[in-house]
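First comes the structure, then the notes that go with it.
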Amino acid sequence: MDYWSFCLLFVSLLGTILRTSGVELSFELPDNAKQCFFQEIEKNATAMLEFQVVTGGQYDVDVILEAPNKEIIYKQVKTQFDSHQFTASVGGVYKACFSNEFSTFSHKLVYMDFRVDKLLAGQGEHITVMTQMESSAQEIHKHLNSILDYQTHHRLREAQGRKRAEELNTGVLLWSIMETLTILIISVGQVYVLRTFFTERKP
């Protein structure tokens, strides 16, 4: 590959990266609460909604994905993690809502990735060397996104495992304290009972 071909591939890859948008964040979802996020998507564009409950309660939330025409295109009840890929049938603002209204005291941390692949101008109209290079750049970008997804999943699993380990450690600590207090109370009670056996009672 000569110098100019490399430059064209780099520019095409950069253009492909810039053609991808979306929202990726982790947010707190209190008990009896509901939070919605909005994303504008062009018609016939491909999008993906991915989420995972990192900490809190039974690690589950209710999820609803709604199109601009109020059509519900995805719905899950008390789910820990999932992903849904779809092609926008209409252009406009799509709404993704996460609900913890069924929980009365569990505060949760939720990770969400709402990714949108924007349409290429003139895609499919002609076949040139540049179009082929853009296709290669898109494949590279797709693989890079897969690597980022795997890294994100590993980070989320590590955070989830650490949280569970901390909760288990707290439970073991509280149980140990309760056992220690129980042993002390029983020991004091036994000493008191034994003393009453050897204490002379006044007539």
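- Between D113 and M48 the shortest side-chain heavy-atom distance does not fall below 4.5 Å.
- The side chain to side chain donor-acceptor pair (under 3.5 Å) test applied to E101 returns S99, not counting sequence neighbours.
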**Request:** Decide yes or no on side-chain contact (heavy atoms from CB on, under 4.5 Å) for I64 and K95, but give the supporting numbers first.
**Result:** CA-CA 8 Å; I64 295 179; K95 180 171 68 173; over 6 Å; no

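- One finds the CD atom of Q52 at 11.0 Å from the OG atom of S83 (value rounded to the nearest 0.5 Å).
- A heavy-atom distance below 4.5 Å is found between the side chains of L109 and E28.
- Note on F102: it does not cluster hydrophobically with V53, by side-chain heavy-atom contacts below 4.5 Å among ILVMFWY residues.
- Looking only at side-chain heavy atoms (C-beta outward), S106 and Q58 stay at 4.5 Å or farther from each other.
- Closest heavy-atom contact between T182 and M178: OG1-O, 2.7 Å.
- In terms of modelled atom types and a separation under 3.5 Å, the side chain of Q39 and the main chain of R115 share no donor-acceptor contact.
- Expressed to the nearest 0.5 Å, how far CD of Q190 lies from CD1 of I183 amounts to 10.5 Å.
- For N100 (side chain) and A33 (main-chain N/O), no donor-acceptor pair under 3.5 Å exists by modelled atom type.
- Contact annotation: the side chain of Y94 never approaches that of L49 to less than 4.5 Å [non-hydrogen atoms, C-beta and beyond].
- Residues L25 and L65 share a single hydrophobic cluster, defined by chaining ILVMFWY side chains whose heavy atoms lie under 4.5 Å apart.
- Put simply, the side chain of D62 reaches to within 4.5 Å of the side chain of V77, judged on heavy atoms.
- In this structure, Y111 is not a member of the same hydrophobic cluster as F38, with clusters built from ILVMFWY side-chain heavy atoms closer than 4.5 Å.
- Considering CD1 of I186 and CG of L181, their distance stands at 11.0 Å, rounded to 0.5 Å.
- F51 pairs by the side chain to side chain contact (heavy atoms under 4.5 Å, CB included) definition with V61, V63, Y74, T79, D82, F98, not counting sequence neighbours.
- Annotation: side chain of Q35 is in contact with side chain of P30 (closest heavy-atom distance under 4.5 Å).
- Hydrophobic clustering places I41 together with V90 (ILVMFWY residues linked when any side-chain heavy atoms are closer than 4.5 Å, directly or through intermediates).
- Summarising the local packing, CZ of F81 is surrounded by 12 or fewer heavy atoms from other residues, nucleotides or ligands at distances under 6.0 Å.
- Distance CG/D60 to OG/S103: 8.0 Å, rounded to 0.5 Å.
- Under the side chain to side chain contact (heavy atoms under 4.5 Å, CB included) criterion, N169 pairs with no residue, sequence neighbours left out.
- Annotation: the span from Q80 atom CD to K108 atom NZ amounts to 10.0 Å, rounded to 0.5 Å.
- Nearest approach of P68 to G91, heavy atoms of both residues: CG-O, 4.1 Å.
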